[in-house]
Q: 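Take a look at this one; I'll ask things after.
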Amino acid sequence: MKRIYKLLSAVAFVALASCADKYESVFLPAKPDIVAQYEYLKDYDVLKTYIDRNANPNFRLGTGVTVGDLLSKETVFSLVHSNFDEVTANDAMKYGSIVQDDGSMDFTNVRSFVETAKEAGITIYGHTLCWHSEQNNAYLNGLIAPVVIPPEVSSGISEILDFEADELGKTYQMTGNGFAQVENDPAGASGKVLHIGGPANQSHPKIEIALPEGRKLGDYINLILDFRASGSSGLYGQGMRMAINDRSLTGYGSPSGFGCPDGNWGRGLIVLPFATMNLTAAEKELTQFTLIVGSGTGSGDYYIDNIKMQWEVIRSGTAPIADFESNNSGDTYPMSGNGSAVVVNDPAGISGNVLNVGGPANYSYPKFNVTLPDGKKLGDYKTLRMDFYGTGSTGLYGSGMRLAINDVNAAIVYGSPSSFGCPGDGWGRGLIALPLADLNLTGDQKALTEFTLIVGSGTGSGNYYIDNIVLEWEAPSEDIIVEKTSEEKKEILTNALEMWIAGMMEACDGYVRAWDVVNEPMDDENPFNLKGDPSRSDADNFYWQDYLGEDYARVAVRFARQYGGNDSKLFVNDYNLEASDNSNGKCEGLIKMVEYWESDGITKIDGIGTQMHVTYSLNPEMQKRNEDAIIKMYELLAVSGKLIKASILYMGIADENGEVIKTANVSFVQQQSMSEYYNFIVRKYFEIIPDSQQYGITHWNPRDNSDTSVGLWDLNYNRKPTYAGFANGLAGKEVNK
């Protein structure tokens with residue numbers, strides 16, 4: 001052990017001379033009264049020497065440390081090594097410290113922590129395998145988040161006009177005064193551009209456009225172009241303007257607002273959405289039109305180039321059901337009732353084979369066995385479309401089209417063929433369009449890939465023809481949100497928990513033999529119930545039990561034993577078991593829950609940890625209740641038959657009104673009262689908990705912090721009166737004042 005040499009003041013000497021390490025010092029012989037008060041502490045030995053190892057051979061005296069403090073091998077390391085048997089990492093062995101946002105796990109600090117403790121002969125208590133706090137919530141919530149399926153969209157750019165094919169001097173018609181003339185780029189950077197000038201007073205060039213084959217105006221979302229202007233000659237003004245044919249101009253922001261620089265090219269910066277124009281259905285179908293575009297200004301003198309149109313189309317397609325061309329004349333299809341469905345030649349002599357539904361068919365319809373293309377299911381389809389040929393009352397009118405899946409009795413009624421626009425005694429090619437949404441398909445029906453399609457005209461004197469039956473699909477125009485089921489979430493998170501526990505056990509390489517397998521499971525308001533409720537989960541908490549169910553501890557125990565060995569000591573740990581305000585209700589609730597988890601005959605939980613965040617109260621009545629509740633807790637835990645660990649013991653102090661007394665304001669007399677309370681807590685542990693159930697006590701904060709007087713050492717690692725009370729408690733003796 002290292003020796004620390006210091007030149008100390010008289011006050012510091014007495015305390016430090018009684019610290020864990022061996023200190024030497026030069027000091028003044030005069031001792032102020034405050035030094036004399038603390039001088040008795042130098043006669044105490046290190047803490048772990050006060051444990052009767054013959055009577056308590058398996059008892060572990062522990063403390064909480066940060067991994068950094070232990071790895072540094074400086075003052076904290078010396079204090080821990082001298083005074084304690086075991087350490088609990090208060091930072092680096094928790095899920096949130098190790099699991100990254102992508103699910104990868106970094107156990108570097110854990111491995112170093114284990115190696116350092118192992119070299120020093122200090123055991124490690126694992127904290128914690130399954131807890132609702134200090135998780136990587138972003139990762140875990142991402143695992144069970146809904147699947148977002150984006151729209152199936154095709155997109156691209158149509159190059160409309162770059163003026164390179166135009167002769168220099170070519171002009172384009174304007175909507176008013178001024179001119180639009182093809183010239184060389186004034187910047188000399190590109191080839192030809194269109195110069196709008198004159199100046200052009202609220203006047204814009206007109207450009208004739210023929211869209212690429214297969215595209216129509218409604219497919220396009222943006223017009224994009226390059227723009228160059230100086231000062232007020234178009235860079236600012238009233239904004240860009242655009243129109244189609246003779247519709248009114250639509251206004252947009254000024255070129256400067258799009259980011260175009262003064263006097264230089266803004267390449268591709270002008271982006272004008274077509275949606276702003278609110279195109280009519282007829283305009284959306286246009287493939288040729290006059291584009292009017294320019295800057296709205298009274299002193300227009302600017303250049304444009306590289307006019308492009310960006311298109312984006314929701315994917316769509318069809319599944320052919322029947323066109324009868326592969327049939328022989330005379331082939332038949334089954335009917336839902338009487339009549340017949342026979343393949344014949346087109347009565348109009350235009351196409352090949354068609355299906356004649358006749359007999360006459362009295363409210364009877366042909367049936368088609370359908371197998372959808374790979375990757376498609378019935379729920380993907382929006383419309384059934386077909387050709388229809390009928391005359392008079394033999395199906396053209398009647399009581400409407402009928403459509404059913406599998407069961408004719410569930411057929412949906414639509415309008416008559418005539419209402420769809422089908423002519424009398426002639427083909428209505430593609431005019432019959434029956435929306436599948438009207439079927440109100442169930443989830444099971446939407447998942448079908450094979451089924452019987454029943455379709456026809458509702459009439460008592462059916463004698464008509466049908467052809468080219470297809471199902472049309474169109475990808476959704478918005479994201480599809482697919483929520484995971486409860487079972488899916490349970491499976492996903494069970495796998496995540498297994499990966500975490502398996503990784504931790506591997507990193508510890510068998511050195512850590514005791515664990516908080518489940519931490520803080522019981523609800524504060526309803527102490528016989530588990531914590532958790534998705535409606536009140538927040539950014540700080542992730543309740544495994546909300547998804548894995550009440551048996552989540554059984555799952556955690558199973559994985560801990562599978563990857564850590566059956567001889568591991570597994571604890572369930574919780575706080576407020578000693579609370580007087582609910583008559584130790586949480587302690588009773590936890591014991592009952594452990595009994596439930598073990599009732600399957602498979603799950604084995606070795607111990608119960610009690611996080612004793614205690615407060616010494618200067619209110620005598622309150623302090624008596626505190627002490628009575630601690631005794632009752634120990635008695636309840638003793639009856640459980642489990643190993644018992646005081647897992648996170650530390651003490652603050654409060655005045656008669658319950659207000660916390662800050663560290664700097666705690667008097668020597670008050671420290672002695674806290675010393676007596678520590679002594680009481682430790683002695684009662686040994687008195688009430690049977691020897692065979694005594695796992696150990698972990699004092700969580702060896703030294704004070706700046707706010708709360710919780711330590712056995714002060715901020716400078718000097719022993720406090722609480723040290724004496726704690727040491728005497730370990731020895732089974734009342735505190736010496």
Q: Do you see a donor-acceptor pair shorter than 3.5 Å between the side chains of Gln672 and Glu676?
A: no
Q: Starting at CG of Asp581, measure out to CG of Asn626 and round the result to the nearest 0.5 Å.
A: 9.5 Å
Q: Please step through side chain to side chain contact (heavy atoms under 4.5 Å, CB included) for the pair Asp574 and Glu520, ending with a clear verdict.
A: CA-CA 4 Å; Asp574 216 329; Glu520 300 177 0; 3.8 Å; yes
Q: Verify side chain to side chain contact (heavy atoms under 4.5 Å, CB included) between Ser640 and Ile608, making sure each step is shown before the conclusion.
A: CA-CA 9 Å; Ser640 75; Ile608 294 175; 4.2 Å; yes
Q: How about NZ on Lys48, more than 12 heavy atoms from neighbouring residues, nucleotides or ligands closer than 6.0 Å, or not?
A: yes
Q: Ignoring hydrogens and angles, tell me if any N or O in the side chain of Asp600 forms a donor-acceptor pair with the backbone of Ile602 under 3.5 Å.
A: yes
Q: Compare all side-chain heavy atoms of Arg558 with those of Glu498 and state whether any distance is below 4.5 angstrom.
A: no
Q: Take Leu70 and Val76 through the test side chain to side chain contact (heavy atoms under 4.5 Å, CB included) and record every step on the way to the result.
A: CA-CA 7 Å; Leu70 197 73; Val76 173; 6.0 Å; no
Q: Under 3.5 Å, side chain of Ser72 to main-chain N/O of Asp69, donor-acceptor pair present?
A: yes
Q: Is a side-chain N or O of Asn584 found less than 3.5 angstrom from the main chain of Cys587, in a donor-acceptor match?
A: no
Q: Near Gln562 CD, under 6.0 Å, is it more than 12 heavy atoms from other residues, nucleotides or ligands?
A: yes
Q: Is the side chain of Thr663 donor-acceptor paired with the backbone N or O of Thr708 at a distance under 3.5 Å, no angle test?
A: yes
Q: If you round to the nearest 0.5 Å, how far is CD1 of Ile630 from CZ of Phe680?
A: 6.0 Å
Q: Compute the centroid of each ring, for Phe542 and then for Tyr547, and state whether the two points are separated by less than 6.0 Å.
A: yes
Q: Spell out, as yes or no, whether a donor-acceptor pair under 3.5 Å connects the side chain of Asp704 to the backbone of Leu715.
A: no
Q: Using the ring of each side chain (for Trp, its six-membered ring), is Phe59 parallel, tilted or perpendicular to Tyr685, with breaks at 30° and 60°?
A: perpendicular
Q: Could you check whether Glu115 and Tyr511, counting side-chain N and O atoms only, form a donor-acceptor pair closer than 3.5 Å?
A: no
Q: Under the criterion salt bridge (Lys or Arg N to Asp or Glu O under 4.0 Å), I'd like the reasoning laid out for Asp628 against Lys632: C-alpha separation, chi angles, the key distance, then a yes or no.
A: CA-CA 6 Å; Asp628 289 345; Lys632 183 178 178 181; over 6 Å; no
Q: Taking the six-membered ring for Trp and the full ring for Phe, Tyr or His, determine whether the centres of His613 and Tyr650 are under 6.0 Å apart.
A: yes
Q: Are side-chain heavy atoms of Ser568 and Met505 found at a separation under 4.5 Å?
A: no
Q: Regarding Asn718 and Asp714, is there a side-chain donor-to-acceptor distance under 3.5 Å anywhere?
A: yes
Q: For a 4.5 angstrom cut-off between non-hydrogen side-chain atoms, does Phe571 reach Ser647?
A: no
Q: Quick one: does Val614's side chain get under 4.5 Å of Ile681's, heavy atoms only?
A: yes
Q: Could you grab the distance from atom CD1 of Ile697 to atom OH of Tyr678, nearest 0.5 Å is fine?
A: 11.0 Å
Q: In the structure I gave you, are the side-chain heavy atoms of Asn83 and Leu79 within less than 4.5 Å of one another anywhere?
A: yes
Q: Heavy-atom count check: over 12 atoms from other residues, nucleotides or ligands less than 6.0 Å from Glu506 CD?
A: no
Q: With no hydrogens and no angle check, do the side chains of Ser599 and Arg554 hold a donor and an acceptor under 3.5 Å apart?
A: yes
Q: How long is the gap from CE on Met522 to CG on Leu530, to the nearest 0.5 Å?
A: 5.5 Å
Q: Give me the atom names and distance for the closest heavy-atom approach of Leu577 to Gly609.
A: CD1-O, 3.9 Å
Q: Anything under 30° is parallel, anything over 60° is perpendicular, the rest tilted; go ahead and classify His81 against Phe77.
A: parallel
Q: For a salt bridge (Lys or Arg N to Asp or Glu O under 4.0 Å) check, start with the C-alpha distance between Asp509 and Lys118, then their side-chain angles and the critical distance, and finish with the verdict.
A: CA-CA 11 Å; Asp509 196 26; Lys118 188 175 182 179; 5.1 Å; no
Q: Hey, is the main chain of Gln671 close enough, under 3.5 Å, to the side chain of Ser675 for a donor-acceptor pair?
A: no
Q: Does Tyr575 have Lys586 sitting over its ring (NZ/CZ under 6.0 Å from centre, angle to axis within 45°)?
A: yes
Q: Are Tyr616 and Ile661 close enough, and set up right, to give a side chain to side chain contact (heavy atoms under 4.5 Å, CB included), and what steps lead you there?
A: CA-CA 10 Å; Tyr616 179 82; Ile661 302 175; over 6 Å; no
Q: Any heavy-atom pair between the side chains of Asn573 and His127 that's under 4.5 Å?
A: yes
Q: Got a donor-acceptor contact below 3.5 angstrom from the Gln693 side chain to the Lys642 backbone?
A: yes
Q: Kindly give the heavy-atom pair with the smallest separation between Gly711 and His699, and that separation in Å.
A: CA-CE1, 4.2 Å
Q: Looking at side-chain heavy atoms only, is the closest gap between Leu61 and Phe726 below 4.5 Å?
A: yes
Q: Taking C-beta and beyond as the side chain, do Trp515 and Val557 meet within less than 4.5 Å on heavy atoms?
A: no
Q: Compare every heavy atom of Asp546 with every heavy atom of Gly532, then report the nearest pair and how far apart it is.
A: C-OD1, 3.2 Å
Q: Please check if the distance between the ring centroids of Tyr38 and Phe668 is under 6.0 Å.
A: yes
Q: Might you point out which heavy atoms bring Ser580 and Met622 nearest each other, and give the distance in Å?
A: OG-CE, 3.4 Å
Q: For residues Asn619 and Ser617, is any side-chain donor paired with an opposing acceptor at under 3.5 Å?
A: no
Q: Find the distance between CD (Gln670) and OG1 (Thr722) and round it off to the nearest 0.5 Å.
A: 13.0 Å
Q: Can you tell me if Lys569 uses its side chain to pair, donor with acceptor, with the backbone of Gly607 under 3.5 Å?
A: no
Q: Around atom CD of Glu525, are there more than 12 heavy atoms from other residues, nucleotides or ligands closer than 6.0 Å?
A: no
Q: Over 60° means perpendicular and under 30° means parallel, so classify the ring planes of Tyr44 and Tyr50, tilted if in between.
A: tilted
Q: Is the positively charged end of Lys645 above the ring of Tyr125, judged by distance under 6.0 angstrom from the centroid and angle within 45° of the axis?
A: yes
Q: Going by atom types alone, do Gln611 and Asn519 pair a side-chain donor with an acceptor below 3.5 Å?
A: yes
Q: Got more than 12 heavy atoms from elsewhere within 6.0 Å of CD, Glu621?
A: no
Q: Between Asn679 and Gly725, is there a donor-acceptor pair closer than 3.5 Å when you use the side chain of the first and the backbone of the second?
A: yes
Q: Starting at CG of Asp567, measure out to CZ of Arg513 and round the result to the nearest 0.5 Å.
A: 4.5 Å
Q: What are the two closest non-hydrogen atoms of Trp500 and Lys94, and how far apart are they?
A: CH2-C, 3.6 Å
Q: If you take all heavy atoms of Met105 and Met499, which pair is closest and at what distance?
A: CE-O, 3.3 Å
Q: Is Gln545 reaching over with its side chain to a backbone N or O of Glu550, donor-acceptor style, under 3.5 angstrom?
A: no
